[in-house]
Every structure is written in C-alpha cells, then in structure tokens.
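This report refers to the structure that appears directly beneath it.
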Amino acid sequence: FILQVVMTDPTSHRSRIINEIVESERTYVAQLQAILEVYLDPLKALVKKPNPPCSEQKIVELFANFQQLYPVNKYFLEILEKYLENGQNSSTAQNQTTTTT
C-alpha cells in the first residue's frame, strides 16, 4: 500500500520526507541551543570566578567543536526553512548549501 502511494504521488512523499528532515533539524538546533544556554555559557562564566567547578581546558575538551557545530546547523536550518517557505526545487537548495560552505 505504501509503495502505491509513493508511486502515485511522489511529490507528496517527497514533501513528507523534507518536512520530517526540517522538523528533525529544528529539534536538533533547539537542543544545541539549550546546551549552549544551560551548560556552556554558565560554565564559561563560572571559570572566571574563584573555585570554578572545572578548568577552561576541561570546558574546551567537553564542548570540543560545539562552537562550530551550533552556528553551522542553525544556518542549515535557515536554508531548509527558506526552501520550504519558497517552495524551491531541490537543485536551488543544493546550490545554496554548496556555495555557502
């Protein structure tokens, strides 16, 4: 039955997949932002005070590439949302991601 739906309306199936990808990315970016606001920023502030819970080096080790990960995924989500908003075809969205990386 599912195969028939895909065969009869591939555009609808593609739209559902794209929407699921965008929703997953929204959730992921929201979780990254929570990590930033709840853990990373407060830890950075505490390191500058007397008797910090950990060293600045430990924070760097714990959040190794987080500083790069969050902005890249946030930007990727913005591109995906523009794609949905404008109803562009996949080649236009692909061109946007490859030219900005």
Side-chain angles (χ1 to χ4, degrees):
F1 176 72
I2 293 174
L3 183 58
Q4 289 175 342
V5 171
V6 171
M7 301 278 294
T8 58
D9 193 2
T11 306
S12 175
H13 181 70
R14 185 179 314 136
S15 294
R16 284 194 307 270
I17 291 170
I18 290 169
N19 285 330
E20 187 171 330
I21 290 169
V22 172
E23 267 313 303
S24 294
E25 192 64 23
R26 279 185 188 134
T27 301
Y28 183 58
V29 168
Q31 291 171 345
L32 290 175
Q33 184 175 3
I35 291 169
L36 177 70
E37 293 172 355
V38 174
Y39 297 104
L40 184 56
D41 288 344
L43 272 175
K44 283 182 173 181
L46 287 173
V47 165
K48 297 177 185 203
K49 297 190 178 207
N51 300 320
C54 62
S55 68
E56 193 168 341
Q57 180 60 33
K58 261 309 180 208
I59 293 173
V60 170
E61 290 171 11
L62 288 170
F63 298 96
N65 63 347
F66 187 83
Q67 300 290 35
Q68 294 83 28
L69 193 63
Y70 176 68
V72 166
N73 280 277
K74 186 175 177 186
Y75 179 69
F76 179 59
L77 176 60
E78 290 170 7
I79 290 172
L80 289 174
E81 288 175 333
K82 283 180 188 175
Y83 170 79
L84 283 182
E85 203 174 277
N86 297 331
Q88 298 172 334
N89 64 33
S90 60
S91 63
T92 304
Q94 184 180 15
N95 288 340
Q96 286 180 343
T97 56
T98 55
T99 57
T100 56
T101 347

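Because the structure is a prediction, the values reported are computed rather than measured.
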For the [atom1] atom of [X] and the [atom2] atom of [Y], what is their distance to the nearest 0.5 Å?
X     : Y     : atom1 : atom2 : value
Glu81 : Arg26 : CD    : CZ    : 4.5 Å
Asn73 : Gln31 : CG    : CD    : 11.5 Å
Gln57 : Leu62 : CD    : CG    : 10.0 Å
Leu36 : Lys44 : CG    : NZ    : 7.5 Å
Leu46 : Asn51 : CG    : CG    : 11.0 Å
Ile59 : Leu40 : CD1   : CG    : 7.0 Å

Fill in: Residue pair Ile18, Tyr83: steps toward the side-chain contact (heavy atoms from CB on, under 4.5 Å) verdict
CA-CA 10 Å; Ile18 290 169; Tyr83 170 79; 3.4 Å; yes
Are [X] and [Y] connected, step by step, through hydrophobic side chains (Ile, Leu, Val, Met, Phe, Trp, Tyr) whose heavy atoms are closer than 4.5 Å?
X     : Y     : result
Leu84 : Phe76 : yes
Val60 : Ile35 : no
Tyr28 : Val72 : no
Ile21 : Leu69 : yes

Discussion item. Looking at Gln68, I'd like to know if its CD atom is crowded, meaning that more than 12 non-hydrogen atoms belonging to other residues, nucleotides or ligands lie closer than 6.0 Å.
Written reply: yes
Practice prompt. Verify the neighbour count for atom CD of Glu78: are there more than 12 heavy atoms of other residues, nucleotides or ligands below 6.0 Å?
Written response: yes
Discussion item. Working note: Lys58 + Glu61, criterion salt bridge (Lys or Arg N to Asp or Glu O under 4.0 Å); need CA distance, chi angles, decisive distance, verdict.
Written reply: CA-CA 5 Å; Lys58 261 309 180 208; Glu61 290 171 11; 3.4 Å; yes
Fill in: Polar side-chain atom of Asp41 near backbone of Glu37 as donor-acceptor pair, under 3.5 Å
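No.
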Worksheet entry | With Glu25, the side chain to side chain contact (heavy atoms under 4.5 Å, CB included) member among Val22, Val29, Thr27 | Val29
Item to complete: Can you label the angle between the Phe66 ring and the Phe63 ring as parallel, tilted or perpendicular, going by 30° and 60°?
Response: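 Rings of Phe66 and Phe63: perpendicular, over 60°.
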